[in-house]
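Report on the structure given below.
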Amino acid sequence: MIPKTKKIWMDGKFVDWDKATVHVLTHTLHYGLGVFEGIRCYETSSGPSIFRLDEHIDRLFNSAHIFLLDIPYSKKEIRDAIIKTVKVNNIKECYIRPLVYIGYGAMGIYPKGNPINVSIAVWEWGTYLGEKGIKNGIRIKTSSFIRNHVNASMTRGKVCGHYVNSQLAKKEAIAVGYDEALLLDTEGYVSEGSGENIFIARNEILKTTPLTSILEGITRNSIIKIANDENIKVIEERFTRDELYIADEAFFTGTAAEVTPIREADRRTIGSGVPGNLTKKLQSIFFDVVKGKNEKYESWLTKV
Ligand code: PPE
C-alpha cells in the first residue's frame, strides 16, 4: 500500500484521500484512454522543489493532444493545482500523479459527451527499484512481449492503456526472478524498460535509443543535457540486445526509477557487474541537481 496523504485534487476541489473515488462506469476504467504524468518533488535547502514541472505539464498536454482529449483547464491552472496539492499535503518529498481521464457518462468505445476529469494525487515514493538497485544495479530480462507498434498506440503519449504492455513485461520479468523488463521494438531493436528509458556506454560514449518507439523521457533528456555539459558524447541511435550485452555500462532513467544502474541483462554480466564510472558520475550529478545542490541546473526546479 502506498502511504496516504491528506488531500487529492479532483476537478478543481480538494477531496479527502479516502473520499477520492469515481463511479465504476468511469470510461477510462473500461477502455484505457487516459493520460497521466509522473513527477517528483524533492527536498532541497530552500524547501520542497518540483523537478522539471513545466516539461511534465507540456508532456501531459501533448499526450492529451495526441489522443484527442480536451483538458478542461489551462496549463497554468494545472501547474498551480500541482503546486497547491504538494503544499496542502505538507509534504517534503513526493511523487506527483496528475491524471486526465474520461469520466462517467456514455458507455461504448465512443465516449460521446463524457466529461474529461482531472485528478492530482501526491504520495511519498521511495526508490522504484530498491535502494540496493540504485546503489549496486539491477538485473533485467528482455521481454517476450514487444513494445507497442507506433501505429498501434502512439508511444509519445503517456497513456494509461500503454501500461498493459508494460505490466505484461514486468510481471514476466519478476516471475522469473529479474528486477525489471526490457522491451524490444517491433523491429527487434532495444526500446525501453516497462517504465524507464535505457542508456548504454561503450568506450566512454553513451548511447540511448532514438525517440521513435519510446516515451520522450524527461529524465532521459536531463541526462543527455548533463552528459553534454560534462563533455560526455551521447549518441541517439538504435541498438540491439547483443550490443547491450557487450556494453561497459548500462542504466535506466525515469522519474520513478531516477538513475538505476543495470548490472546484468539476460544472465550476461554488464561490464564488471558493478555500476561503471560514467553511470556513477551521471547518477551523482543527477541526485545533486534534483536536490538543489547544483546551481547550474536551478532553473529545472520549481519551489513549492
Ligand atoms: N518509458 C516509460 C514507458 C515510462 O513509463 C517512463 C516513466 C519513462 C520511459 C521515463 O520517463 P520520465 O519519467 O519522463 O523520465 N514512467 C513513469 C511511471 C512509473 C510507474 O510505475 O508508474 C515514472 O517514472 O513516473
Side-chain angles (χ1 to χ4, degrees), residues 38 40 42 51 93 95 125-145 147 166-167 169-184 189-209 214-215 217-227 230 232-237 239-291:
R40 273 194 194 265
Y42 289 91
F51 185 61
E93 286 208 326
Y95 183 83
W125 217 10
T127 51
Y128 189 60
L129 296 157
E131 283 293 337
K132 272 192 188 158
I134 289 268
K135 200 163 166 268
N136 306 327
I138 58 162
R139 299 172 56 249
I140 67 170
K141 179 197 178 332
T142 304
S143 185
S144 69
F145 297 99
R147 205 68 181 142
S166 286
Q167 287 185 66
K170 181 106 189 187
K171 283 184 175 189
E172 180 188 63
I174 300 281
V176 292
Y178 286 87
D179 303 307
E180 184 54 287
L182 174 69
L183 292 105
L184 304 179
Y189 294 91
V190 169
S191 69
E192 59 186 340
S194 74
E196 309 86 358
N197 295 122
I198 189 168
F199 286 78
I200 57 172
R202 277 185 85 194
N203 305 321
E204 308 291 313
I205 294 172
L206 280 183
K207 196 182 266 193
T208 189
T209 43
I214 59 168
L215 183 72
I218 290 163
T219 320
R220 173 187 180 280
N221 174 275
S222 309
I223 288 296
I224 292 174
K225 288 218 163 92
I226 293 170
E230 293 297 313
I232 300 165
K233 192 170 174 197
V234 189
I235 306 171
E236 293 177 65
E237 187 183 276
F239 59 91
T240 53
R241 64 201 280 179
D242 54 355
E243 191 169 345
L244 163 67
Y245 297 159
I246 57 171
D248 304 322
E249 305 181 28
F251 59 89
F252 272 146
T253 61
T255 299
E258 300 168 306
V259 177
T260 301
I262 297 166
R263 67 181 164 88
E264 191 191 308
D266 303 331
R267 296 176 49 228
R268 279 89 169 172
T269 301
I270 306 296
S272 50
V274 293
N277 290 337
L278 279 185
T279 306
K280 281 197 292 195
K281 181 173 185 180
L282 292 167
Q283 190 190 47
S284 148
I285 298 174
F286 175 80
F287 281 121
D288 278 352
V289 168
V290 296
K291 288 174 183 166

### Message
Take a 6.0 Å sphere around OH of Tyr189 and say whether it holds more than 12 heavy atoms from other residues, nucleotides or ligands.
### Response
no

### Query
Passes side chain to side chain contact (heavy atoms under 4.5 Å, CB included), Asn197 versus Thr219? Steps please.
CA-CA 8 Å; Asn197 295 122; Thr219 320; over 6 Å; no

### Task
Could you tell me whether a side-chain N or O of Arg241 sits under 3.5 Å from a main-chain N or O of Ala265, the two making a donor and an acceptor?
no

## Note on the structure
Which of Glu172, Lys171, Arg147, Glu180 passes side chain to side chain donor-acceptor pair (under 3.5 Å) with Ser194? It is Glu180

Going by atom type alone, with no hydrogens or angles, which donor-acceptor pairs under 3.5 Å involve a side-chain atom of residues 273-283 and a protein atom two or more places apart or on another chain?
residue, atom, partner, partner atom, Å
Thr279, OG1, Glu249, OE1, 2.6
Gln283, NE2, Ile134, O, 2.9
Gln283, NE2, Val259, O, 2.9

### Query
How far apart are the C-alpha atoms of Val190 and Thr240, what are their side-chain angles, what is the distance that settles it, and do they pass the side chain to side chain contact (heavy atoms under 4.5 Å, CB included) test?
CA-CA 6 Å; Val190 169; Thr240 53; 5.8 Å; no

### Query
Would a distance-only check, ignoring hydrogens and angles, find a side-chain to backbone donor-acceptor pair under 3.5 Å from Thr208 to Ile198?
yes

### Task
Could you tell me whether Glu230 atom CD has more than 12 heavy atoms of other residues or ligands within 6.0 Å of it?
yes

### Message
Treating Asp179 as the side-chain partner and Arg139 as the backbone partner, does any N or O pair qualify as donor plus acceptor under 3.5 Å?
### Response
yes

### Message
Would you call the rings of Tyr42 and Phe51 parallel, tilted or perpendicular, taking 30° and 60° as the class edges?
### Response
perpendicular

### Task
Identify the two heavy atoms, one from Ile214 and one from Ser191, that lie closest to each other, and give their separation to 0.1 Å.
CG2-O, 3.3 Å

### Message
Let's go through Lys141 and Asp266 carefully: what are the C-alpha distance in whole Å and the side-chain angles of both, what is the deciding distance for side chain to side chain contact (heavy atoms under 4.5 Å, CB included) to 0.1 Å, and is it a yes or a no?
### Response
CA-CA 5 Å; Lys141 179 197 178 332; Asp266 303 331; 3.9 Å; yes

### Message
Phe286 vs Thr253, test: side chain to side chain contact (heavy atoms under 4.5 Å, CB included). Steps then yes/no.
### Response
CA-CA 10 Å; Phe286 175 80; Thr253 61; over 6 Å; no

### Message
What I want to find out is whether Arg220 reaches Glu192 closely enough, with some N-O distance under 4.0 Å, to be called a salt bridge.
### Response
no

#### Entry: Any side-chain heavy-atom pair of Glu264 and Tyr178 under 4.5 Å
yes

